[in-house]
Protein chains: 2
Amino acid sequence: MSELTQGGRQPTIKEVAVHAGVSPMTVSRTLAGGVNVRPDLQEKVLAAVRELGYHRNENARSLRPGQTSGLIGVAITNLGNPYYGNFALGVEEVAAEYGRRIVLGNTGEDPARERQLIADFIGRQVEGLVLVPSGGASDHLQPERLGDVPIVLASRRVYGLDVDAVLLDDVGGAYRGTRSLLEAGHTRIGFLGNVRSVFTGQRRYEGFARALAERGIEPDEVLVQRDQQEVDSARAAMRRLLDLDDAPTAVFSANNRNTVGALKEIGRRLRAGADVAELPAIVSFDNFELAELMPVPVAVIDHDARQLGREAARLLLSRLSPGGRRVPARLVEMPVTLSASPVPVVVSGD
Amino acid sequence: MSELTQGGRQPTIKEVAVHAGVSPMTVSRTLAGGVNVRPDLQEKVLAAVRELGYHRNENARSLRPGQTSGLIGVAITNLGNPYYGNFALGVEEVAAEYGRRIVLGNTGEDPARERQLIADFIGRQVEGLVLVPSGGASDHLQPERLGDVPIVLASRRVYGLDVDAVLLDDVGGAYRGTRSLLEAGHTRIGFLGNVRSVFTGQRRYEGFARALAERGIEPDEVLVQRDQQEVDSARAAMRRLLDLDDAPTAVFSANNRNTVGALKEIGRRLRAGADVAELPAIVSFDNFELAELMPVPVAVIDHDARQLGREAARLLLSRLSPGGRRVPARLVEMPVTLSASPVPVVVSGD
DNA sequence: GTTCGCTATGGTAACGTTACCAACGATCGA
DNA sequence: TCGATCGTTGGTAACGTTACCATAGCGAAC
């Protein structure tokens, strides 16, 4: 058998044909289901396939007219974030159900990299694209620039781009979360979030501000910290809030990274002897594991990134079905749930 | 321009050639760097490329002899686990540095799915494979079955398969973690982990048992719970441990999922009024965010999944370089760090 | 002025695959 | 018995690309 696999090259259909003593066409037909191929020849072919370790060359296959690549291009901003990991999982699952495979790229929030990735994906003849846009210019995302490859945006929308999108109910979630703080009697509420240019950051701030406005409260700019992308900067922002003379009694955190940063700062203060009663309550957009074990009350605005991914893939695949391209762009907002403020774990000190 | 993009098909090099008034070869040469092409023709070609939105068909390109696909196949067990998300990120980063793209599949710990995925990857002419094996039979992973496509195993090894692998120092980490508990005076130590058939589960148990053996302690089978793959079953296992008449005073948790489950059970008991002093200390293999905020002492055996991914990709790419295939199989063990047991956050009850 | 050498350009074939058509033999009805 | 039909098989061409070869043009060197 060693001479069969010599050279490190994949065997071709021709070699299988020779090995089985038939023509390449008979091999092709057998692998396509075996219609109008004598059973004994099919067996011979399959034996040859097994023996040579033959796999059809999908790239060559996709070259033929009318054939598709079976690939979906997925570009996300940060695979290391569990949120996007779950999102990618959801996309992969649905794609796999429909016999598609995903090509994955991480943009790292870099528009140039996003451009490269999308160009590469199109070059690889992907049937469609799923993108968490990293912001910035959108001309490379216009339908004609994509060669009519359908695209679905996830988590964020791009201004001036009329394509399918799956979003969270950012505004509603932030509104409800903030309102729950107001109803608990808080009036000085801090805001931790992304820069304004990030779509979700903007939307979540909007929900936050709307809830305040309903009570006639003008957001105090001193309490609004929104330049934190990472845990460390979020922690620093939280420190600034807590060091204010008139520190907030509650903090709305617009995403996971900010929540973790805020909690780390709270942990630091507790270990330094701070009184838990003087530390703010937190509402966090984005759930995280073990929120229930936090020393201060943490309510979470929860959502399912995996479902978001599944929905994005479903939108995309529906476009790939016959006639699916003629449907106008759709916008899906996935619901979020506000957990009832859990009672914090109170540990008796010694 | 609308008539140019009509039909939803990608433009071909031929169409670009016609549009630019040159031959396909001139287009090809221009796109390949433009050696021996007059500058004015290059400009014409690039203008046509821009206008038509042309992207080279990578699948057709890879068909030509001597060409490679630029694809790396990555199959992991659970993308939803932040650990594997970071792992995939590491692989993607290094692959991208070397101009490769990754095709990603989620096996869900299902050997049949793993088989399918790998067959599909080979059919797509991937240059190499990165696999977190899901256990079970390994015949489909033998080099000759893979058509000499190099493979790198990650996190787990496969018995009887002599290929590159990147592992954590499971045994050493578990040993050191367990020893730290013993040094703190614990003698009844529970074990939460994966089933024995999972490679890491076996190795981490080995480190655990070795540390005990050094002190002349025989592991009490009642304290060893190792069938938990998910948070819920881990929580149930923790409950069984804590309900024992002779409950352990410390618990070694062999992975993230078990740690979260164990902590959730601890949280439940605290909210039900349990005394924190009666709850066990925990050593967790796998770090998690906010471990420092837990109400019981949690020491973590930390490691960097992203680095693990980067190293796996590096091993694979080195095999793809000239002569790289002749190197004997390598085994890399990534170091882990044991955090100093942090002081738990103690909150004064009211 | 002829030849040489170089650059620039285009035609052709092949990569692996399968839709299409042609051809073969067998079966069947008339 | 003969033509028609059907099941089965194989040859050919084309998908988009580029390595290779051929050729045309042009300046330099003798």
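Residue numbers begin at 1 in each chain, while the letters A, B, ... track the order of the sequences. Just so it is clear, the values below take in all heavy atoms, side chains as well, and ignore hydrogens, waters and symmetry mates.
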N/O donor-acceptor pair under 3.5 Å between E127(A) side chain and G70(A) backbone: yes

Between T26(A) and dG10(D), does any side-chain N or O lie under 4.0 Å from OP1 or OP2? yes

Here's a test of your reading of the structure: between L41(B) and A60(A), which maps to the more 5' nucleotide of DNA chain C? L41(B)

In whole angstroms, how far is the C1' atom of dT18(C) from the CZ atom of R56(A)? 10 Å

Can you see if the side chain of S62(A) gets near the phosphate of dT17(C) - specifically, an N or O under 4.0 Å from OP1 or OP2? no

Whole angstrom value for the distance that separates P of dC20(C) from CE of M25(A): 11 Å

Side chain T107(B), main chain I76(B), donor-acceptor under 3.5 Å: yes

Taking for each residue the nucleotide of DNA chain D with the nearest heavy atom, is it Y54(B) or R29(B) whose nucleotide lies nearer the 5' end? Y54(B)

Return no unless some side-chain N or O of N36(B) is found under 4.0 Å from OP1 or OP2 of dT7(C). no

Could you check Y84(A) against N106(A) for side-chain contact (heavy atoms from CB on, under 4.5 Å), going step by step and ending with a plain yes or no? CA-CA 10 Å; Y84(A) 289 116; N106(A) 198 70; over 6 Å; no

Listed nucleotide nearest any side-chain atom of P24(B), set dT9(D), dT18(D), dT9(C): dT18(D)

Would you classify N57(B) as touching base, sugar-phosphate or nothing, given that sugar-phosphate means primed atoms plus P, OP1 and OP2, and contacts are heavy atoms under 4.0 Å? sugar-phosphate

Between P on dA19(C) and CD on Q67(A), what's the gap in Å once rounded to a whole number? 6 Å

May I have the distance from L31(A) (atom CG) to dA19(C) (atom C1'), rounded to whole angstrom? 16 Å

If you check the R64(B) side chain, which of dG16(D), dG10(C), dT18(C) turns out closest? dG16(D)

Against the side chain of V37(B), the closest entry in dT18(D), dG10(D), dT9(C) is dT9(C)

Specify the separation, in whole Å, of atom CD of Q10(B) and atom P of dT17(D). 10 Å

Side-chain ion pair, E144(A) and R50(B), N-O less than 4.0 Å: no

Distance below 4.0 Å between R61(A) side-chain N/O and dT18(C) OP1 or OP2: yes

Starting the side chain at C-beta, find the nucleotide from dT8(D), dG10(D), dT17(D) nearest to R38(A). dT8(D)

Rounded to the nearest Å, what distance is computed from the CD atom of residue Q42(B) to the P atom of nucleotide dT9(C)? 9 Å

Between dG16(C) (P) and I122(B) (CD1): distance, integer Å: 16 Å

Residue pair L320(B) / R325(B): nearest heavy atoms and the distance that separates them: CD2-NH1, 4.4 Å

Quickly work out the D40(B) CG to dA8(C) C1' distance and round it to whole Å. 11 Å

Minimum-distance nucleotide to I13(B) side chain [options: dT9(D), dT18(D), dC15(D)]: dT18(D)

